[in-house]
Amino acid sequence: MKKIAVFVSGRGSNLQAVYNVSKNPESNYRIEYVVADKECLAINFAKENQIQTLLVSKEKKTNYVTFQNLIEIFSNKVDLIVLAGFLKKIPEEFVHKFKNKIINIHPALLPLFGGKGMYGMKVHSAVFESGVKISGATVHFVNEEFDKGPIICQKAVDISNCNSSEEIALKVLEIEHEILPVAIKKILENELVIEKNRTKFL
Ligand code: GAR
């Protein structure tokens, strides 16, 4: 059984989707840790479901671990790190340590509507204002730059009938919950190859 750590910052609906799939008898992974940058609903969900939780901060703070501590805690204990609505930038040293072992879900079709400051409803507002007819979700590897690592999978949704960014968010969230657990499963089955910036499922 592979072990994953899920990083969160808020509501935790993607965490719940990943958790629900992990409870299927055919699942090849379980959630070993949930890590957050602050107390939040997602941390409550983890505690209610007996998952180990950690709070992380770049600076040393009471009740928080640092990313350096996480490197030690995770060593040989975690096969994949999943950013599911984690809104803080991951330090470079941590990214290098877990090269091609950190993935992120982004609520738009990258490389559009990504980058610094583009998260949550900001993304959906930008999508709505741009007038595009299609949006979607992207799972990608995390590298040193915001939303720039190799794309693992994407799914699009027709938003031509949406009348607000909130409506877009709901449609996209449904897709996020669908593709994130699939990406996790395939990566952990070693069914993904990375060739420069392109990835391919075997
Ligand atoms: C999700 O829509 C996720 O894609 C987004 O934050 C939301 C978290 O919701 N992440 C980003 O925007 C990262 N750039 P959740 O806590 O209910 O999973």
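Below, all heavy atoms of this structure are taken into account, side chains as well, without hydrogens, waters or symmetry copies. Residue numbers count from 1 along this sequence. In listed order, ligands and their atoms are each counted from 1.
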Is it true that the side chains of Gln16 and His177 contain a donor and an acceptor less than 3.5 Å apart?
no
In terms of relative ring orientation, are Phe94 and Phe7 parallel, tilted or perpendicular, with 30° and 60° separating the classes?
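Ring orientation of Phe94 relative to Phe7: tilted.
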The closest protein heavy-atom partner of atom 9 (O) of ligand 1 is Arg11 NH2, 3.2 Å
Do Glu32 and Lys77 sit within salt-bridge range, that is, some charged N less than 4.0 Å from a carboxylate O?
no
Taking 4.0 angstrom as the limit and counting only heavy atoms of Ser13, give me the atoms of ligand 1 inside it, by number and element.
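The atoms of ligand 1 under 4.0 Å from a heavy atom of Ser13 are 15 (P), 16 (O), 17 (O), 18 (O).
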For Met118, counting its heavy atoms only, list the atoms of ligand 1 lying under 4.0 Å from any of them.
14 (N)
Looking only at distances, please establish whether an N/O atom of ligand 1 is found under 3.5 Å from an N/O atom of His106.
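Yes; the residue has a nitrogen or oxygen that sits under 3.5 Å from a nitrogen or oxygen of the ligand.
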Which residue and atom name correspond to the protein heavy atom nearest atom 13 (C) of ligand 1, and how close is it?
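Looking only at protein heavy atoms, the one closest to atom 13 (C) of ligand 1 is Ile105 O, 4.0 Å.
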Tell me: protein heavy atom nearest atom 16 (O) of ligand 1, and distance?
Gly12 N, 2.7 Å
Numbering as shown, the atoms of ligand 1 that approach Gly85 to under 4.0 Å (heavy-atom distance):
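Atoms satisfying the 4.0 Å criterion: 6 (O), 8 (C), 10 (N).
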Shortest protein heavy-atom distance from atom 11 (C) of ligand 1, along with the residue and atom involved
Pro107 CD, 3.6 Å
In terms of heavy-atom contacts, Val34 and Ala42 come closest through CG1-O, 4.5 Å
Could you tell me whether the side chain of Lys58 and the main chain of Lys89 form a donor-acceptor pair under 3.5 Å?
yes
Per-residue contact class, Glu176 against ligand 1 - non-hydrogen pairs under 4.0 Å
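The part of Glu176 near ligand 1 is the side chain, not the backbone.
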Please identify which atoms of ligand 1 are closer than 4.0 Å to at least one heavy atom of Gly120.
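So the atoms of ligand 1 that pass are 11 (C), 12 (O).
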Quick one: do Glu39 and Lys47 make a salt bridge, cutoff under 4.0 Å?
yes
Could you check Leu55 against Lys61 for side-chain contact (heavy atoms from CB on, under 4.5 Å), going step by step and ending with a plain yes or no?
CA-CA 10 Å; Leu55 294 175; Lys61 268 183 3 188; over 6 Å; no
